[in-house]
Amino acid sequence: MREPLIFDQGRPGRRAPSQAPGIAGPTDDLPAGLLRRAPPPLPEVSELQVVRHFTRLSQLNFSIDTHFYPLGSCTMKYNPRASNKLAMLPGFLDRHPLEPEGHAQGYLECLFDLQEMLKAVTGMSGVSLTPMAGAQGEFAGVAMIRAYHVARGDAGRTQIIVPDAAHGTNPATATMCGCDVVEIPTGPDGDVDVDALRKVVGPQTAGIMLTNPSTLGAFERRIAEIADVVHGAGGLLYYDGANLNAILGRALPAAMGFDVVHINLHKTFSTPHGGGGPGAGIVAVTERLEPFLPIPIVGRRDGQYRWLAESDRPQSIGRLSGFMGNAGILLRAYVYMRLLGAEGMRRVSGFATLNANYLMKRLAAAGFTPAFPQRRASHEFIITLKDIARDTGVTAMDFAKALLDKGFHAPTTYFPLLVPECLLIEPTESEARQDLDAFAQALIDIRDLALRDAAEVKRAPLTTPVRRLDDVRAAKQLDLTWQSRASDRPNPTASPN
Amino acid sequence: MREPLIFDQGRPGRRAPSQAPGIAGPTDDLPAGLLRRAPPPLPEVSELQVVRHFTRLSQLNFSIDTHFYPLGSCTMKYNPRASNKLAMLPGFLDRHPLEPEGHAQGYLECLFDLQEMLKAVTGMSGVSLTPMAGAQGEFAGVAMIRAYHVARGDAGRTQIIVPDAAHGTNPATATMCGCDVVEIPTGPDGDVDVDALRKVVGPQTAGIMLTNPSTLGAFERRIAEIADVVHGAGGLLYYDGANLNAILGRALPAAMGFDVVHINLHKTFSTPHGGGGPGAGIVAVTERLEPFLPIPIVGRRDGQYRWLAESDRPQSIGRLSGFMGNAGILLRAYVYMRLLGAEGMRRVSGFATLNANYLMKRLAAAGFTPAFPQRRASHEFIITLKDIARDTGVTAMDFAKALLDKGFHAPTTYFPLLVPECLLIEPTESEARQDLDAFAQALIDIRDLALRDAAEVKRAPLTTPVRRLDDVRAAKQLDLTWQSRASDRPNPTASPN
Amino acid sequence: MPFIPHTPDETSAMLGAIGVRSIEDLFDEIPAKLRVDGLPGVPAGLSEAAITRLMRERAARNMPSLCFLGAGAYEHHIPAAVWEIATRGEFYSAYTPYQAEASQGTLQLIYEYQSMLAGLTGLDVSNASLYDGATAFAEACLMAVRSARGARSRRVLVPRYVNPVWRKVARALLAGQNVELVELAASAGRTELAALAALEGQDFAALAIPYPNFLGGFEPVDELTDWAHARGMLVIAACNPTALALLKPPGEWGAKGADIACGEGQPLGIPLGSGGPYFGFLACRQALVRQMPGRIVGGTVDVEGRPGFTLTLQAREQHIRRSKATSNICTNQGLMVTAATIYLSLLGSEGLRRVAAQCHANTRALVAALTGLGGISAPVTPYFHEAVLTLPRPVAPVLDQLAAAGILGGFDLSADFPELGHGLLVCATEVRTAEDIDTYRRVLAGVLGVAVAA
Amino acid sequence: MPFIPHTPDETSAMLGAIGVRSIEDLFDEIPAKLRVDGLPGVPAGLSEAAITRLMRERAARNMPSLCFLGAGAYEHHIPAAVWEIATRGEFYSAYTPYQAEASQGTLQLIYEYQSMLAGLTGLDVSNASLYDGATAFAEACLMAVRSARGARSRRVLVPRYVNPVWRKVARALLAGQNVELVELAASAGRTELAALAALEGQDFAALAIPYPNFLGGFEPVDELTDWAHARGMLVIAACNPTALALLKPPGEWGAKGADIACGEGQPLGIPLGSGGPYFGFLACRQALVRQMPGRIVGGTVDVEGRPGFTLTLQAREQHIRRSKATSNICTNQGLMVTAATIYLSLLGSEGLRRVAAQCHANTRALVAALTGLGGISAPVTPYFHEAVLTLPRPVAPVLDQLAAAGILGGFDLSADFPELGHGLLVCATEVRTAEDIDTYRRVLAGVLGVAVAA
Ligand SMILES: Cc1ncc(COP(=O)(O)O)c(C=O)c1O
Ligand SMILES: Cc1ncc(COP(=O)(O)O)c(C=O)c1O
């Protein structure tokens, strides 16, 4: 059943009166010219209407808690409910961020311990928890690389090398840091083309951004050589830790030669994705970048925990958030890491890899084409549907939609860009074999139907709250607010004011 | 999509290991003959499987939080989320019930205040919070009536008078208390037949059980006369407070002449129905019954709160629960009552009554037949579908199922038993006019369809997770456990082990 | 006006449609002299912010303690997932699944619960819950009396070491129907088989055996079961559900197994909660199912043959059978059963076994630590998960001093069971650590004036 | 192995299907010398019971205080429904709605959020969130620089009393792109229009106006807006969203209205949470939408013509445009927006207005109470919801003494704004009561050694 907009459920004057002060205090001292003339157009609804509306809306979503969700590169693993409950204890939740350190020792101890564990899993020597998502971690990393070169009087290093398989945030980050992006190709085996790399490095090289395993789902085997090439040219290596789940407790980015790494805590350390965040993109660095880490950082002296700030870290790239990053997400990751422990972390990568390789094998055996069949899958892998798309017209997007009808969230589609008609599939370690088998069977059934009746597949999805949506219209006839609908102007993109 | 049984999702040896001790302590001192030979057949599943399974199951329910739920006699009003959150504060939730009173003053203060408010809304002078649902409140009430007579040396009073419209728990309670049930009829105007009452009272009369307004949705106008008749015969009056929502803050059971009342806190005071409980069925009494109240009761001395027990109340009918009734439900009701306040309580009955009368009028105007068209509706009312059932074969049950397809929970069907093909409709005060209108329209549409195509209505429901279920088979071929299915015996009702 | 969506315009329009002038007019059938204008004893309404602050302050006044107290309610670990899911609106704000097609979530869950309880007790069927352990015990006795062949007797034989409150509750609930509980003599914490001889020739409908008993001790369940069955009595097992993960289920007692099992469901994922809500469970042999009180869910099929679930055997219940029903129970403890079903799924048989074993091991460690102080003995062995200590002096003042030090030291047995002397019932569940036990030991040593190594 | 469902049998079967002997073998592409065997710095795993106890102990060490501290994060009442619904698994454990048909819940919610933010700010469109207020401020500056006609300048003019941390964050985020913040002089807590004259002839891309400013004071927003527009600059409003319920929205500033509005979303139902997660909001005129960073949801129709929602204008974003994207942001603060949308729905315009007005009234009462002690003045008026006090002596030791008494007395302004003397920024939101304010007054009197009537 469709759920009307909350605005359309309101009636003038309706309220949820328990939620606001019974009477409003006087505002007679405020300058009349600054007062609002008309109340803001917020919904006027009852508490029950709100609860019912958002409960119903929630039911329109696929989520980890309701569906297998093998969205590649996103590590949609089980989010333990304990993390949520414990991070929301009043002692953490009701603290003002500027409360004195003496009032917050329990909280600071969690963050300090978290910093230490993050050093252990990266092999790095310094950590800052402040970046609020992977992309902000990337920003911090590249900014530190830039600051390092500048501090050494080597300000001309403004190029960031990025493989063509890289996530979009990598080149976008380089731009935000004022660097130029130099793209290098992937070789046919899925590894970076090291010869191409050699050709582009030089005195202008600030550094390289890599994920390992890459977004192709394969471990970069020549990583040591790459590190030598980049370091040899005076550049630094940035590790995009979005794929850390694949190697957790098996290999350390520091040992691979990386100078800085971010980790998406919302991936490897299972904080919730929340329908689009919040995440946390902590950064860890080797010794030479430590002075540049963003602040604040938690320090310890004489058993007391304290914030390290500007005065402690004068070379810091500065502050990246109004207070202390996504504190509640850090606490959730902390709980998860303590639940896993060292042995549990190794098992995470082991079973994530087992699930991915098993599913890749099953699909290959059923006639699907892995993008890199000769390689081990890391915690994820790609299949390309280009043959079937060519033969039947059924595309990766059609497969994605047909999967929804079978009760599975779709894998990542059309990323990385270099593999045509691709599905990037990441089952994660928390899914059971029976669900992998069911998912494989669903893909097989869709493929078989595509061969028999391509048009039928292209009708999918049929069972979702809406059927296939018109994206083009969404971008052309912009309808971004309820106000724009209410407007009686012919062109819905016009400003409703 | 169907959700498999949790048992069928398990695999031998699978677990949710965070939830149990890592190793189990030794049990070598336990007598070998008392140890279990085979582990109990519980599901062997992962934490994610559990979360996903029960999240999915929840989505198969209609509930107040998702649907209009006008289930007559059940008062399915909005359950404030604040009640839940505050009752679950660790300071209440983690307390052992036998903790010393000195450790529990905050909790006891809430219960004491609740007792006082319950006295105010009933007009009674004593309260016990211990009964765990309406039916247990009824038990307490009738047991007190019995104890009162016995204490006065009048033990021969063993008859409980019950109108034919009474809820099934009333006669069932009388039986549990060892009384005989004498049923009296309802007059054509919906009030009790007082002449019939006069005929049955006598020295054998222990008391009468009444709800007012009755389950017919009408206020018993001759209540004072009834009280005189029963009191005059030496009996006492029991008020079934299931319908208190109708008169909250408008009339007091004590003033009507009742000697004892229970209140279903899960109805009037909006504690959750929980898919079938827990509720709370507190009892309140006039002075003469106070000595007999069930224990414990919260008392206050010198600003300290304490439990009153056997020694304080030697004539008590005793204890009705292992500790203190449904404590967490009492706290929820307390929060709700404080949110409402005196004025809010009057508004509850006012708007519950407004909604019921409005909906009754709308339906009557659309050609439906109220059971008592000449009467005001209380907070609920009855329509009878006997004409349409006779003309088209479409029954109240068919209407109920067709409503599900339109996104409404069905009203109570076939209760009270004396009105044929009835729907007992209780919209409650927390529903908006627009939802009442939509519900009325749905009934109209179903009726119109019934007149055009009765068979189509009888196919309903079509959109629910299952279609109409075979109740007869359920009762004949008993399938009450998963084990009974696994058994390969031909008769699934046979014992599986 | 919290929770009322009506705007003044809507209210007038609705009153107009009804044909009255005001809401007050809608109450015109209430005789004027019965009408009241307000509720003087009820304070004015609070905002949610104000009640939140008030409740937080009151909750904070309930001091937390290190808990070694059981006596019928046990502090176990409850997985966070249990209540995060159980309080989802779709479970929390639904009611009894009268409209089966719109309640498959609750119905399937109860069916799964029934299956789990049947498995734990070793019996065939379970109901969907009763109020709590005490009332389940009473209902089990009533059910046995109704079921006993020929119902020659309305007496139920009960060993001395049944939870004393349960006995009181049963007495209150059974009195009206003239069902009587008769105490079976005991010594050293358990029933003496020798005492049975004195009962020969007397008539009883049933024997109700606690498992473990209130002292944590074991009754001779096999012998008692066979003895009772040989005399035409039904056997009721009153059991701790955690213990059933480790102990032989009632369905396997003696030659034929117990007939009915009941107990307090609180240990299965329900918070201590200041005393409730908990839930009572009740299971029985298939043959007795029509005497079972409470809701029961059964599997069936829909018109298309797809499997589904529905309330069944409703002819036992008050809404159909009225004064002839098996019980007056209607609203039961659905949400608690929801939590327990999630709890049991998360623990599984191995997890629940470990919980039981660890509770037992911790209680043993506690008994060893405290008896090691000298002057304290543990007279009842073997025990499971809860044990009796005999102190060298009156228990109540000792408990008061422990409480002042933040320790709930246990349950004072001297009022209910004076024959045990200065008896103290202690319990250390799986959540107690070695340090907790040592804390108790050191504080108790201080209270008793015994010197201990730090 | 928490959260891994594999049984040993399944693991072997799966390894067999892959054709390897062990899980270790699956890592054979990692060069041997890079492989590690364990994680020495990580402790052993804990059970959920153990981590629960640990976290409870640590949370309990974070002492609660009576909060008169704002400075960018405000203690407001948060309805219980907000987080009970926002943490439902379907919201909590979903990701960015890439598969629109399977994410209509999140998409419709974001569309509703966008509508609410557009309404609050008086602008046309909103994005689906940025990380927090500080980064939203920085992104707004970048967006303005990109949007300014001809982009003659990379400088943004910023009044002195913008949140000093926001200014630092903006500096860190803008440095790489050589965008510069230039301070606009001020006195008495607000920008002096006279100071503008000195800037004539200089080029700026935008003027960013705080509303209210960090001191709670009001900038001359109409005059500043018109002045900036007249010089081809864009106008950015950096606003407190609660205040917008009461104050003229940025879209109505001056003759043409501000072009962009940004701010910290925390006041809209987000707990103080030790500093995060919060969310940043960003709204703008329709004409600028293609320069907006972050996700945007649009309405459209499905193949049957039924309305639905989808991510739109993705060509602005990193996953499409890569190095040419409007920002690198990908994961944003979805769950916080979920909470804020529920919050705004519960409060409605009248509720939010009352919250704003009550915050303001309480802060006025606080200012009156504290200045009444003597020796304390409130130099910045009018103010909204937060106010500067000038103390007779250094602020830091006073705050320490207040903190020891359980009072968070405010924000010490002396480091950032020495021109205010012993400046203290105080705030009393709608949750503070008259008694709370009196408590502060009495404790402060004690600290300052002033006699007061009890
Ligand atoms: C490979 C890779 N790098 C970077 C990111 C960006 O991380 P975030 O979305 O947390 O900003 C992602 C995730 O979306 C990613 O998959
Ligand atoms: C009129 C009436 N009386 C008594 C009861 C029994 O109350 P409970 O279900 O709480 O035991 C009910 C509710 O179901 C009822 O509607």
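In what follows, chains carry the letters A, B, and so on, assigned in the order in which the sequence lines appear, proteins first and then strands, with residues in each chain numbered from 1. Values in this document were obtained by computation on a predicted structure and should not be read as measured data. Heavy-atom basis, side chains included; hydrogens, waters and symmetry copies ignored.
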Check whether any side-chain heavy atom of C:Met55 sits under 4.5 Å from a side-chain heavy atom of B:Leu89, and report yes or no.
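They are in contact (side-chain heavy atoms under 4.5 Å apart), so the answer is yes.
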Quick check on [X] against chain C: is it the side chain, the backbone, both or neither that has a heavy atom closer than 4.5 Å?
X: B:Arg221; result: both
X: B:Glu343; result: neither
X: B:Ala104; result: both
X: B:Tyr69; result: side chain
X: B:Asp94; result: backbone
X: B:Phe219; result: both
X: B:Ile223; result: side chain
X: B:Arg362; result: neither
X: B:Gln136; result: both
X: B:His96; result: both
X: B:Pro26; result: both
X: B:Phe54; result: both
X: B:Cys177; result: backbone

Go through [options] and name the one with the most non-hydrogen pairs under 4.5 angstrom from chain C.
options: B:Pro21, B:Ala400, B:Ala16; answer: B:Pro21
options: B:Asp29, B:Thr27, B:Val121; answer: B:Asp29
options: B:Asn264, B:Ile329, B:Leu98; answer: B:Leu98
options: B:Ile317, B:Thr66, B:Val51; answer: B:Val51
options: B:Pro90, B:Gly328, B:Pro294; answer: B:Gly328
options: B:Gly325, B:Ala135, B:Ala82; answer: B:Ala135

Strictly distance-based, threshold 3.5 Å: is any side-chain N or O of C:Asp132 a donor or acceptor partner for the main-chain N or O of C:Tyr278?
no
C:Thr312 (side chain) donor-acceptor with B:Ala475 (main chain) under 3.5 angstrom:
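Yes.
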So which of [options] has the biggest tally of heavy-atom pairs under 4.5 Å with chain B?
options: C:Leu408, C:Leu69, C:Asn178; answer: C:Leu69
options: C:Arg171, C:Arg58, C:Gln333; answer: C:Arg58
options: C:Leu313, C:Thr135, C:Ile342; answer: C:Ile342
options: C:Asp400, C:Val165, C:Val301; answer: C:Val301
options: C:Glu48, C:Arg56, C:Glu317, C:Gln104; answer: C:Gln104
options: C:Asn362, C:Thr310, C:Asn332; answer: C:Asn332

Where does [X] contact chain B at under 4.5 Å (heavy atoms): side chain, backbone, both or neither?
X: C:Thr106; result: both
X: C:Val303; result: both
X: C:Pro382; result: side chain
X: C:Leu352; result: side chain
X: C:Leu54; result: side chain
X: C:Leu347; result: side chain
X: C:Pro64; result: neither
X: C:Leu39; result: both

Where do C:Tyr92 and B:Ser63 land on the side chain to side chain contact (heavy atoms under 4.5 Å, CB included) test, with the steps shown first?
CA-CA 8 Å; C:Tyr92 189 77; B:Ser63 65; over 6 Å; no
Answer yes when [X] and [Y] have at least one side-chain N-carboxylate O distance shorter than 4.0 Å, and no when they do not.
X: B:Glu431; Y: B:Lys77; answer: no
X: C:Glu101; Y: B:Lys401; answer: yes
X: C:Glu304; Y: B:Arg467; answer: yes
X: B:Arg473; Y: B:Asp479; answer: no
X: C:Glu430; Y: C:Arg354; answer: no

Give me the ring orientation class for C:Phe384 and C:Phe218: parallel if the planes are under 30° apart, tilted from 30 to 60°, perpendicular past 60°.
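Geometry flag for C:Phe218 against C:Phe384: tilted rings.
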For the pair C:His319 and C:Tyr98, name the ring-plane relationship: parallel under 30°, tilted 30 to 60°, perpendicular over 60°.
perpendicular
Evaluate side chain to side chain contact (heavy atoms under 4.5 Å, CB included) for C:Thr331 paired with B:His266, printing each intermediate quantity in order.
CA-CA 9 Å; C:Thr331 297; B:His266 47 299; 3.5 Å; yes
Assess whether salt bridge (charged side-chain N to carboxylate O under 4.0 Å, His left out) is satisfied between B:Arg347 and B:Glu429, documenting all intermediate values.
CA-CA 8 Å; B:Arg347 286 178 187 272; B:Glu429 72 280 4; over 6 Å; no
Go through B:Arg37 and C:Glu252 one step at a time and tell me if the salt bridge (charged side-chain N to carboxylate O under 4.0 Å, His left out) criterion holds.
CA-CA 10 Å; B:Arg37 280 171 311 208; C:Glu252 297 176 15; 2.7 Å; yes
Between C:Asp124 and B:Leu480, is a side chain to side chain contact (heavy atoms under 4.5 Å, CB included) present by the stated rule, with each step listed?
CA-CA 8 Å; C:Asp124 303 327; B:Leu480 307 182; over 6 Å; no
Step-by-step side chain to side chain contact (heavy atoms under 4.5 Å, CB included) determination, B:Arg338 to B:Met117:
CA-CA 9 Å; B:Arg338 294 300 306 265; B:Met117 287 195 288; 3.8 Å; yes
Which pair of heavy atoms, one from C:Val169 and one from B:Gly322, lies closest together, and at what distance?
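That closest heavy-atom pairing would be CG2-N, 4.4 Å.
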